[in-house]
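Here's the structure we're looking at; comments come further down.
Computed from a prediction, not measured in an experiment: that's the story for all the values here.
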Amino acid sequence: MTEELLAFLEASPTCFHAVDNIRGILMENGYTELREAAGWELQEGGKYFTVRNGSSLIAFQIPTKQYTGFMIGASHCDSPAFKIKENPEIVSGGYTRLNVEGYGGMLCGPWFDRPLSIAGRIVVRTENGLETKTVDLDRDLVMMPSLAIHMDRGANKGHEYNIQKEMCPILGQEGEAGILMRMVAEEAGVKAEDILGHDLFLYARVKGTVWGKDNEFVSCGHLDDLQCTYGDLQGFLKAHPAQSVPVLAVFDNEEVGSMSKQGAFSTFLEDVLARIHIACGRSEEERRAVPASSFMVSADNAHAVHPAYMEKADPVNRPQMNKGIVIKYSANQKYTTDAVSAAVFKELCTRAEVPYQIFTNRSDMVGGSTLGNLSNVHVSLNTVDIGLAQLAMHSPYETAGTKDTQYLADVMALFFSSSLHTGAPGCYTIR
Ligand code: CO
């Protein structure tokens, strides 16, 4: 599955491309796109998806209109990067540089001294109104050269990066204002003056690779979190649901806190589930009852123990790549996992013959959070936070294990085929 994962990653330099690629894969597999702005008619046995903002996507199947719950697999498709500002050219000193700002919390160092390109979406004026297009300049185009060691003898003793000063990449020599948008327009086959809006990002143009003495590692950009998105998607496509509705949710904006109209903290998932209820003719009471028999797997990559920094990991719970799904715990509920959701997920892993391991932060360190707890504010249901172990999180070139994507696909295929039933208080069965 690693070759297919790398093809997906390389074709997905931004969240807009990732969603386009998922749309294509779903349509090849018989899924129909529903527009949010139109009415929905859903058939038993039907397979559907809808997209918000071109950057978040929710897909589902209706095995029966008398479904008992939703089995939701959620992940995110955005990554830390640099966004091109309005009026991007900075022309001075014989160079044209591009004015950028940070999106999310990236590791800055690895962005230097490697070929970068530009991709994203533009909104274009046409005869029929405004039209959105994804674009990818798809060539070695810009670079952030380091300052030579001779001019900064302290360069290897720690460095505080200044995005405005150091990380506006060089586009070329000389040049004038408007040159970037003319290149984007040419690539998109439109006129530069017709581009009225853009969300364009830098990305590292480095091919993914499989390495290690036993080919045990895979490195590429965007493994966080497209590795989970891809594993979820492969499991979703293999699912055979009977009683519950499998829901694949892929959200934008996790890296900036999920609080956008299309992020996990938005109404997107809540809206889609409500519309499924309405289209299936279910009552308001049933709508309020179904979450108790539903479950969410919030999948976002996890930190593998780093061999040079063992002291950064919990003394006992130290995830390793290729050792299976990482279940993440946080007492203060930055991760949603609790005794119930952990038990349900461990039972699924055991049945799928997929290994699992545990991540917790050191008790004296503040860790990250992810989309599960925020999504739970609007759609409240038993949720487990999991991920696949990786190194160099938020570098433009991250490293993960070659076995783990298949493990996720296997357990998610079982998850999306299952349903959760609540019996006496505190009692659950998974069928
Ligand atoms: Co992530």
Side-chain angles (χ1 to χ4, degrees), residues 71-76 80 104-105 224-225 227-228 232 249 251 253-259 263-266 269 291-306 309-321 323-350 354-394 400 404 407-408 411-412 415 420 422 425-428 430:
M71 301 302 266
I72 304 165
S75 62
H76 71 88
D224 171 16
D225 187 32
Q227 187 184 17
C228 283
D232 275 4
F251 291 111
N253 297 134
E254 191 278 337
E255 299 294 358
V256 292
S258 296
M259 294 191 193
F265 196 62
S266 73
L269 180 61
S293 303
S294 299
F295 197 87
M296 179 187 279
V297 176
S298 163
D300 194 0
N301 267 3
H303 300 297
V305 64
H306 193 298
Y309 300 95
M310 304 290 272
E311 73 281 8
K312 297 287 185 186
D314 180 81
V316 180
N317 299 297
R318 300 180 160 212
Q320 294 182 22
M321 292 175 280
K323 295 287 170 70
I325 313 293
V326 179
I327 305 175
K328 305 178 184 179
Y329 290 76
S330 152
N332 60 23
Q333 290 291 286
K334 286 268 179 66
Y335 302 129
T336 53
T337 311
D338 60 15
V340 171
S341 62
V344 169
F345 191 74
K346 287 177 182 176
E347 177 66 13
L348 285 164
C349 285
T350 302
V354 166
Y356 59 83
Q357 47 188 338
I358 306 299
F359 175 86
T360 67
N361 285 299
R362 282 183 63 95
S363 306
D364 51 4
M365 276 178 63
V366 180
S369 64
T370 183
L371 55 84
N373 60 338
L374 293 172
S375 174
N376 258 260
V377 176
H378 290 299
V379 180
S380 312
L381 73 182
N382 280 316
T383 301
V384 67
D385 266 290
I386 63 148
L388 303 177
Q390 70 159 93
L391 294 173
M393 190 177 286
H394 292 190
D404 291 323
Y407 287 144
L408 182 60
V411 71
M412 292 309 287
F415 169 74
L420 182 74
T422 50
C427 297
Y428 304 86
I430 308 161

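- One finds the OG atom of Ser330 at 9.5 Å from the CZ atom of Phe359 (value rounded to the nearest 0.5 Å).
- Proximity of Asn382 to Tyr428: side-chain heavy atoms (C-beta onward) are separated by under 4.5 Å at one or more points.
- Nearest heavy atoms, Gly324 versus Asp404: N-OD1, 3.2 Å.
- Under the 3.5 Å distance criterion, the side-chain polar atoms of Glu254 are left unmatched by any main-chain donor or acceptor of Ala264.
- Shown here for Ala389 and Met321, the closest heavy-atom pair between the two residues is O-CG, 3.4 Å.
- For the pair Asn373/Gln333, no side-chain contact is recorded, criterion being any heavy-atom separation below 4.5 Å from C-beta on.
- Side-chain atoms of Asp338 come within 3.5 Å of backbone N or O of Ser341 as a donor-acceptor pair.
- The side-chain contact (heavy atoms from CB on, under 4.5 Å) search around Ala400 returns Val218, Leu223, Gln227, Gln390, not counting sequence neighbours.
- Between Ser258 and Phe251 the shortest side-chain heavy-atom distance does not fall below 4.5 Å.
- How far CD of Glu255 is from OG1 of Thr370: 8.5 Å, rounded to the nearest 0.5 Å.
- Residue Tyr335 holds its OH atom at 12.5 Å from CD1 of Ile386, rounded to the nearest 0.5 Å.
- In plain terms, the two heavy atoms of Gly372 and Ser298 that are nearest each other are N-OG, 3.4 Å.
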Item to check | Verdict with supporting geometry, Val344 and Val384, side chain to side chain contact (heavy atoms under 4.5 Å, CB included) | outcome: CA-CA 9 Å; Val344 169; Val384 67; over 6 Å; no
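- Classification of the Phe265-His378 ring pair by plane angle, with boundaries at 30° and 60°, yields tilted.
- With Ile325 as reference, Leu408 is the one residue of Val297, Leu348, Leu408 to meet the side-chain contact (heavy atoms from CB on, under 4.5 Å) rule.
- Between Arg318 atom CZ and Lys312 atom NZ the span is 12.5 Å, to the nearest 0.5 Å.
- Between Asp314 and Ile358 there is no side-chain heavy-atom pair separated by less than 4.5 Å.
- Here CD1 of Ile72 is found 10.5 Å from CZ of Phe295. Values are rounded to the nearest 0.5 Å.
- Annotation for His394 and Gly105: closest pair ND1-O, 2.8 Å, computed over non-hydrogen atoms.
- Judged by distance alone, the side chains of His76 and Asn253 never bring a donor and an acceptor atom under 3.5 Å apart.
- Listed for the Asp225 side chain is no donor-acceptor partner under 3.5 Å among the backbone atoms of Ser75.
- One N or O on the side chain of Asp385 and one on the backbone of Thr336 form a donor-acceptor pair closer than 3.5 Å.
- Residues passing the ring-ring contact (aromatic ring centres under 6.0 Å, His included) test with Tyr329: none are found, sequence neighbours excluded.
- A donor-acceptor pair is defined here as one N or O able to donate and one able to accept, closer than 3.5 Å; such a pair exists between the side chain of Lys328 and the backbone of Asp300.
- In this structure, the separation between CD on Gln320 and CD on Gln357 is 7.0 Å, given to the nearest 0.5 Å.
- Judged by distance alone, with hydrogens and angles left aside, the side-chain atoms of Asn301 form a donor-acceptor pair with the main-chain N or O of Leu388 at under 3.5 Å.
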